[in-house]
Amino acid sequence: MLSVVTSFWVHGVEGQLVRVEVSVQTGLPIFTVVGLPAGAVREGKERVFAALAQSGMALPPRRITVNLAPADLPKSGSGLDLPVAVALLAALGHLPAAAVERCGFVGELGLDASIRPVRGAIALAMCCRAHGGGRLYVPWDNAAEAAAVPGVEVVGIRTVGEVVGLLRGEIDPAPPPLPPTARAAGSRRDLGDIRGQELAKRALLIAAAGGHSLLMSGPPGAGKTMLAARLAGILPPLAEAESLEVTRVHSVAGLTSREEPVKFERPFRAPHHTISAGGLVGGGNPPRPGEISLAHLGVLFLDELAEFKRSVLDTLRQPMESGRVSVSRVGHTVNFPARFQFVGAMNPCPCGQGGDDCTCSDRDIARYRSRISGPLLDRIDLQLAIGQVGWSDLNSQRRPDGLDSATAQRRVVRARRRQRQRFGADDGVNALMPARKVMSDCTLTERGEKLLESAVASYGLSARAVHRTLRVALTIADLEDRSGLGEQEIAEALRLRVGLPTPGRDARARLSAGTAVPDPATVPLFPATPTH
């Protein structure tokens, strides 16, 4: 007696099809699972035995072989318990063979015959849709999450007895769960609540509009964390496909719930500086997504950046440019999405004060800043030094530029619309513009080209830094609905690019020493942005 049931399991953040083949023969009573099962899959046979016995369908003494095809790929997770049980019942004649056709089954069994939720339900539903759709039986607590995927008929189930009754046609399925909908944001952090720091808020707006990375350096209490926490609120709302993509990653990591089965807001992740490299980029066996993947399509904020281990920070270099991270294990490689916006914050020196109040030696400051490697710093588009907020700004009851989160988000959405038209893709942003398109799409005026040429020689910018400066300037032009990159756009991009002093080489001091290029801070910006 042979039965075949379709199921799915999670590999990385992708659902994978698996055919559960069960053969029941006469012979010594033994239960064998083949097809490279992991520990949780092998232990599933004990849960299957107990759950079927609890349901009044104890297995007869037979030789039972379960094969998980394809047999050359390791299988993990507890979601294969239910399909094994269903295939066993079909092989023993308790279920009609036609009832399990064009159906998928996923779920973990309890010893009391209950069906418990699994991770990655939305990824499994996506895989089911990709392989022809049909009906997907999932644990009741996963039903709302799986129902968010269009094109799949989701049936939520609570017990093994309920599954048997449904497949025999003895009972009708419960009403399908309603697809979750976005709820109005409750207490969203508003950019307008921040007093002062107009230049930093301008940098935040540019970062959101073009998808640029940002590093802020300043003394404690200057508002760096408050600014970073408001970036996600001014990014464009998630589209439906993006919402499913974010939910898939969080579901695999076990961060969704029955109350919030689908993510409708962009994620904001802020791991502690003691995090390991595996916790940041992903790892484990089987590999699980790290913080950079949990921040996919959202914001990754690293506070106290210089306190992170340098080896941990350097793992960000490749994902920041590719938008993906690969975790390799013996026999297989898992790819995780990691298209996040990086925001870092750090003190100017170990004592945190900087300027005239600093008590640190030059060697201490150089050692402190050297924890951030040059190649990583070169990949950060906006580097800004900010100071303390004065009393006049703290005591002010008005917003000088009217830049609250709602206003900023509208400007960002308009700028992103121009970028979609430019790149012909819904997810195209200036920060991800290929290098081959930078020089062709960034049209410089004569004065803008002269300023950039002089700045390259004076600041010692690398080719990557030049391209990133042009991308930032293009974002500034998009925000103001302008064509062409003139002196004002290039000056503001340079100002936000070289605003963070570099140990041993202060480019601004070199400029004031008699070089021909004008200081970007003295060039009128468009629009003018007050500094503090």
Side-chain angles (χ1 to χ4, degrees), residues 185-237 265-275 291 294-295 297-308 340-355 357 372 380-412 475 479 495-496 499-500 529-532:
S187 57
R188 175 178 291 180
R189 297 171 177 174
D190 199 302
L191 189 63
D193 295 335
I194 299 178
R195 303 302 179 185
Q197 303 297 9
E198 305 305 327
L199 183 59
K201 287 192 283 188
R202 171 71 175 171
L204 208 67
L205 177 66
I206 294 171
H212 302 288
S213 52
L214 170 65
L215 174 59
M216 295 177 286
S217 174
K224 303 185 296 295
T225 303
M226 291 181 63
L227 286 161
R230 282 151 177 79
L231 177 57
I234 66 175
L235 292 173
E265 295 184 0
R266 294 188 181 270
F268 178 84
R269 306 292 299 182
H272 194 260
H273 64 259
T274 56
I275 192 171
E291 288 291 336
L294 295 175
L297 297 179
V299 178
L300 176 69
F301 175 49
L302 300 187
D303 201 3
E304 302 295 344
L305 187 66
E307 300 297 335
F308 285 77
F340 58 91
Q341 273 196 252
F342 171 79
V343 180
M346 59 180 289
N347 295 327
C349 60
C351 76
Q353 300 304 315
D357 297 329
I372 306 172
I380 300 177
D381 298 334
L382 309 176
Q383 303 171 21
L384 184 66
I386 64 178
Q388 295 285 12
V389 181
W391 169 250
S392 59
D393 289 318
L394 288 174
N395 195 39
S396 175
Q397 298 301 316
R398 64 185 183 89
R399 297 169 180 170
D401 56 1
L403 191 64
D404 56 9
S405 289
T407 303
Q409 188 181 59
R410 287 194 294 269
R411 296 186 63 185
V412 168
T475 300
L479 277 170
R495 182 180 194 176
L496 296 174
L500 194 65
T529 54
T531 60
H532 297 276

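We're numbering straight along the sequence, starting at 1. Note that the coordinates shown come from a computational prediction; the quantities given were computed from them, not determined experimentally.
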Shortest non-hydrogen contact from [X] to [Y]?
X	Y	answer
Arg189	Ala229	NH1-CB, 3.0 Å
Leu382	Ala203	CD1-O, 3.5 Å
Phe308	Pro271	CZ-O, 3.8 Å
Phe268	Ala228	CE1-O, 3.3 Å
Pro348	Pro219	CD-N, 3.9 Å
Leu204	Leu231	O-CD1, 3.9 Å

Counting only N and O atoms by type, is there a donor-acceptor contact under 3.5 Å from the side chain of [X] to the main-chain atoms of [Y]?
X	Y	answer
Glu265	Pro237	no
Gln197	Arg202	no
Arg230	Met226	yes
Ser405	Ile234	no
Gln409	Pro236	no

Would you compute the distance between atom [atom1] of [X] and atom [atom2] of [Y] and round it to the nearest 0.5 angstrom?
X	Y	atom1	atom2	answer
Leu227	Ile194	CG	CD1	4.0 Å
Asp381	Thr475	CG	OG1	8.5 Å
Asp303	His272	CG	NE2	9.0 Å
Phe342	Leu302	CZ	CG	4.5 Å
Asp193	Asp404	CG	CG	9.0 Å
Ile372	Met346	CD1	CE	4.0 Å

Audit row: Arg266, Leu297, side-chain contact (heavy atoms from CB on, under 4.5 Å) steps and yes/no: CA-CA 6 Å; Arg266 294 188 181 270; Leu297 297 179; 3.9 Å; yes
Salt bridge (Lys or Arg N to Asp or Glu O under 4.0 Å) involving Glu307 - partner list, sequence neighbours excluded: Arg371
Listed partners of Ala295 passing side chain to side chain contact (heavy atoms under 4.5 Å, CB included), at least two apart: Arg269, Leu300, Phe340
Verdict with supporting geometry, Arg495 and Leu199, side-chain contact (heavy atoms from CB on, under 4.5 Å): CA-CA 10 Å; Arg495 182 180 194 176; Leu199 183 59; 4.3 Å; yes
Reference residue Lys224; test side chain to side chain contact (heavy atoms under 4.5 Å, CB included); the match among Asn347, Leu384, Val343: Asn347
